[in-house]
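Some notes on the structure that comes next.
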Amino acid sequence: MTPADGGMTAMDRPSPAALPRATAVVTGAAQVLTCAEGAPDLVGCIAGGVVALAGDRVLAVGTPQDVARRADLAAARVVPARGGIVLPGFVDSHTHLVFAGSRVAEYSGRLRGESAASLRARGVPSGIRGTARLVRAASRAQLEDEARERLVHMLACGTTTVEAKSGYGLSTAEEIRILEVQAALADSQPLRIVSTLLAAHEFPEGVPRDEYLREIVEDIVPEVARQRLAVFNDVYCDDGYYTVAESRRVLEAGLRHGLQAKIHTDAYSHIGGAALAAELRVVSADHLNHTTEAELAALRDAGVTGVVMPALDFAVAHTKPTPARTMLDLGLPVALATDMCPGCWLEAMSFVIQLACRHYAFKPEEALRAATLGGARALGLQASIGSLEPGKQADIAIFDLPSYEDLAYRFGRVRARTVLRAGAVVHEGAAP
Ligand SMILES: [Zn+2]
């Protein structure tokens, strides 16, 4: 026995043949950020770390020595990190991915000081109903092509899973058409898409309120569940949109049909949506600008994840930003998401991290964790994605940055060098 054997005899040492074989290995990283559940530093930072993959899964993560003890790397394809950072692909847990056209005329009109009423009078497509009109006029191919272009940018910015909501259809046929576009996209491009029904995004023009509610509860929800077009059912519970009683009807209908509940609430008013979210134990409650500390604590106790979207607050110049620091201090699990939609056109999760750190008092490690494992939790997928741990999906983003803090610090550096989804390289950026 020699000191170099670390106390093991040759007989004790596992032979390389006994080790599981790695199919690929990510090497040469300045840092590997595992974002593992129990990481005391929240991001599981391993300087000079290595990630070994077996097919679509993570096999081992650690220092080069640790990984060599746990995986046979002899036949592994090398994915070079070239001194960059290696992290779980971002999980963007709140988007309205599929829509037609844009609302740049509305946005620029507001920047020039024009009122919403004046924009409407000029016929400028505005708000949810404005986009719903554009969606109705668009072909399926147009909806798919426009959403696909956004997904290409999301992937290039390091996102590997995106939640996508319907909600610009506002009728049975149109809501289903949007979800079918999402299903087609899920099958034809690399990002994992998690679909959410949001028929209760707004009320359609020219249909009595009660009639549309009946349509959601009796027609849309059962049909979407029967066709397995969505995992989640969501509602916009806020003043001017769905009341708490209406939101309860919508969410309970989904739960009866096996659709898990999400809620948009407290973005612009305080009507009791958070209490409903805690009572129904929704998977995530999103926005929460006006939610009280007691309600946030109740959400935490109910196992709810809070989804914070700093770019939406930025886009609308919100006067009451989401109290994210309070959420973090209370121990409420938090996710960061883009809220990609016609009113907040953002593909890059790095910008969300930057806003969260500067304006919402996130520490860089809290922000990175919320953009990865937090996002996975907001989708109920924390057992399979959101961190680099053995057995989890090998969804990995590599950035040409020396440390994870640079994600918060270098504002324009948003493109990933390399992105893997389920062990396969699906994006390669140009060398600088
Ligand atoms: Zn939303």
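Ligands are counted one by one from 1 in listed order, and the atoms in each one are counted from 1 as well. Being a predicted model, the structure only gives us computed values, none of them experimental.
- Residues E144 and R148 are paired through a salt bridge, judged by an N-O separation under 4.0 Å between the basic side chain and the carboxylate.
- Residue-environment remark: OH (Y268) exceeds the threshold of 12 foreign heavy atoms within 6.0 Å.
- The ring of F203 has its center no closer than 6.0 angstrom to the ring center of Y241.
- In this structure, the ring of H318 has its center no less than 6.0 angstrom from the ring center of H287.
- Around the CZ atom of R228, the shell of radius 6.0 Å holds no more than 12 heavy atoms that belong to other residues, nucleotides or ligands.
- Residue-and-atom listing of protein N/O/S atoms under 2.8 Å from the Zn ion (ligand 1), sorted by chain and number: H94 NE2, H96 NE2, H264 NE2.
- For the side-chain hydrogen bond (donor to acceptor under 3.5 Å, both in side chains) criterion with D234, the lone passing option out of H201, K262, K165 is K165.
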